[in-house]
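The structure displayed is predicted, hence computed values, not measured ones.
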Amino acid sequence: MEVLAVLNLGDFAQVFSKMGMFPVFDLAYYIVSILYLKYEPGSVEVSRRSPVASWLCAMLYCFGSYILADIMLGSSPIDYFQYNSHILLASAVWYLLFYCPLNLFYKCVAFLPIKLVLVALKEVVRTRKIAAGVHHAHHAYHHGFFIMVFVGYVKGSGVALISNFEQLLRGVWRPDTNEILNMSFPTKASLYGAILFTLQEAHWLPVSKSTLILVFTLFMATCKVVMTARHSHGSPFALIESWVCHLLFGSPLGGSEEDHHHPPASVPSSPLKTKEELSEGTRKRKVKKAE
């Protein structure tokens, strides 16, 4: 605690936790989310054949977590669409990424140094969404700790959890590729983050919410930036998960995840498996082929 006082981390964490997300951080979130949509097989063809379906897919990528969390808490799934500024901003990003002349906007945001900054900013929003989801569930269910975890988890990774529905809109539905069976790093991190924020909300974790937000944001941003820069398909949790799962369940989860992230060359990668884990070269080849 004395170290925190010397470094003024407590004050910095307080200011950071109250920082507004709109428009800079939200813009980065929308850009990266729709960028991943453009990497998905068939997304460019859909944008040419049916702009409405492409726009709906983009909105699910940007706001799917809010929609799923609202359904879980008994609210209208279209509540978030009342925020016109957010919808218009996300729609502008979608249009520029898919229809900008000469693909200039895509080339700009896909440039690795710029992309790394955008990826880091997106993780700031993800952490804030997890914390907000747990806090919202706590107000509705004061002692429903599992509900808090579920809602925070959905807020952090709802886009991946409803990706099968989004695949239906693109006409490439793969029911065997749901995120529960093959959890990516952001999905796992959202689950672990939701557990931490639930413990903090229940006063079982001796740390302030602002400090937890700052620390978890730094962890997520660092991991995603490093993974994106190195085109890594692995997960920082793989070694620990492999050991824990072997101890508790007799199955090495780490080994299965390695197979998931490194499929055989003869088997094409499924849309869900490549959501945030494709290498830059593979992504560019798919986009060029689609165009």
ILVMFWY network linking [X] to [Y], side-chain heavy atoms under 4.5 angstrom:
{"X": "V46", "Y": "V93", "value": "no"}
{"X": "F12", "Y": "M220", "value": "yes"}
{"X": "V109", "Y": "L102", "value": "no"}
{"X": "L104", "Y": "I114", "value": "no"}
{"X": "V32", "Y": "V117", "value": "yes"}

Nearest 0.5 Å please: distance from the [atom1] atom of [X] over to the [atom2] atom of [Y].
{"X": "E179", "Y": "T187", "atom1": "CD", "atom2": "OG1", "value": "3.5 Å"}
{"X": "E241", "Y": "S235", "atom1": "CD", "atom2": "OG", "value": "5.5 Å"}
{"X": "E123", "Y": "K129", "atom1": "CD", "atom2": "NZ", "value": "10.0 Å"}
{"X": "R128", "Y": "K18", "atom1": "CZ", "atom2": "NZ", "value": "11.5 Å"}
{"X": "S157", "Y": "R126", "atom1": "OG", "atom2": "CZ", "value": "7.5 Å"}
{"X": "S75", "Y": "H136", "atom1": "OG", "atom2": "NE2", "value": "5.5 Å"}

Please report the C-alpha distance between M19 and V124 in whole Å, then the side-chain angles of each, then the deciding distance to 0.1 Å, and finally whether the side-chain contact (heavy atoms from CB on, under 4.5 Å) criterion is met.
CA-CA 10 Å; M19 187 184 303; V124 176; over 6 Å; no
Around [X], counting heavy atoms of other residues, nucleotides and ligands shown, do more than 12 lie under 6.0 Å from its [atom1]?
{"X": "F216", "atom1": "CZ", "answer": "yes"}
{"X": "F165", "atom1": "CZ", "answer": "no"}
{"X": "I71", "atom1": "CD1", "answer": "yes"}
{"X": "L181", "atom1": "CG", "answer": "yes"}

Taking all heavy atoms of [X] and all of [Y], pick out the closest pair and write down the distance.
{"X": "G20", "Y": "F25", "value": "O-CD1, 3.7 Å"}
{"X": "T198", "Y": "V149", "value": "OG1-CG2, 3.4 Å"}
{"X": "P51", "Y": "S47", "value": "CG-O, 3.7 Å"}
{"X": "V119", "Y": "K224", "value": "CG1-CB, 3.6 Å"}
{"X": "T222", "Y": "L218", "value": "OG1-O, 2.6 Å"}
{"X": "K155", "Y": "S65", "value": "O-CB, 3.3 Å"}

Side-chain heavy-atom pair [X], [Y] within 4.5 angstrom cut-off:
{"X": "M59", "Y": "F81", "answer": "yes"}
{"X": "I34", "Y": "C62", "answer": "yes"}
{"X": "K115", "Y": "T228", "answer": "yes"}
{"X": "L161", "Y": "Y153", "answer": "yes"}
{"X": "Y39", "Y": "L35", "answer": "yes"}
{"X": "F105", "Y": "I31", "answer": "yes"}
{"X": "L169", "Y": "L60", "answer": "yes"}
{"X": "F150", "Y": "V134", "answer": "no"}

| said: For F145, give me all partners under ring pair (Phe, Tyr, Trp, His ring centres under 6.0 Å), at least two apart in sequence or on another chain. | reply: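 W204.
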**Asked** Taking only residues two or more places apart in sequence, or in another chain, which ones meet Y95 in a ring pair (Phe, Tyr, Trp, His ring centres under 6.0 Å)?
**Response**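 Listed in chain order: Y99.
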Looking at [Y], is its backbone amide N or carbonyl O close enough to the side chain of [X] to form a donor-acceptor pair, meaning the two atoms are under 3.5 Å apart?
{"X": "S163", "Y": "A160", "result": "yes"}
{"X": "S242", "Y": "A238", "result": "no"}
{"X": "H142", "Y": "H138", "result": "yes"}
{"X": "S190", "Y": "G156", "result": "yes"}

- Task: Measure from NZ or CZ of K122 to the centre of the six-membered ring of Y36 and say whether it is under 6.0 Å with the direction within 45° of the ring axis.
- Result: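 Not flagged: K122 not positioned over aromatic ring of Y36.
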Could you tabulate the donor-acceptor pairs under 3.5 Å formed by side-chain atoms of residues 84-92, not counting sequence neighbours?
{"residue": "H86", "atom": "ND1", "partner": "Y30", "partner atom": "OH", "Å": "2.8"}
{"residue": "H86", "atom": "ND1", "partner": "Y80", "partner atom": "OH", "Å": "3.4"}
{"residue": "S91", "atom": "OG", "partner": "W55", "partner atom": "NE1", "Å": "2.8"}
{"residue": "S91", "atom": "OG", "partner": "I87", "partner atom": "O", "Å": "2.7"}

Y192 ring center within less than 6.0 Å of F237 ring center: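 Close enough - the centres of the two rings lie under 6.0 Å apart.
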**Request:** Check the pair Y141 / L73 against side-chain contact (heavy atoms from CB on, under 4.5 Å), numbers first and verdict last.
**Result:** CA-CA 10 Å; Y141 304 92; L73 294 173; 4.0 Å; yes
- Query: How far apart are the C-alpha atoms of F16 and T217, what are their side-chain angles, what is the distance that settles it, and do they pass the side-chain contact (heavy atoms from CB on, under 4.5 Å) test?
  - Reply: CA-CA 10 Å; F16 179 78; T217 299; 3.8 Å; yes
NZ/NE/NH1/NH2 to OD/OE distance under 4.0 Å, K209 and E201: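 Counted as a salt bridge, because a side-chain N and a carboxylate O are separated by less than 4.0 Å.
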- Would you call R48 and E45 a salt bridge, using N to O less than 4.0 angstrom?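 The answer is no: the pair does not qualify as a salt bridge.
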side-chain contact (heavy atoms from CB on, under 4.5 Å) for V226 and S232? Distances and angles first, verdict last. CA-CA 8 Å; V226 171; S232 173; over 6 Å; no
Would Y61 and K38 count as a side chain to side chain donor-acceptor pair (under 3.5 Å) here? Give the steps. CA-CA 11 Å; Y61 263 68; K38 189 165 184 176; over 6 Å; no
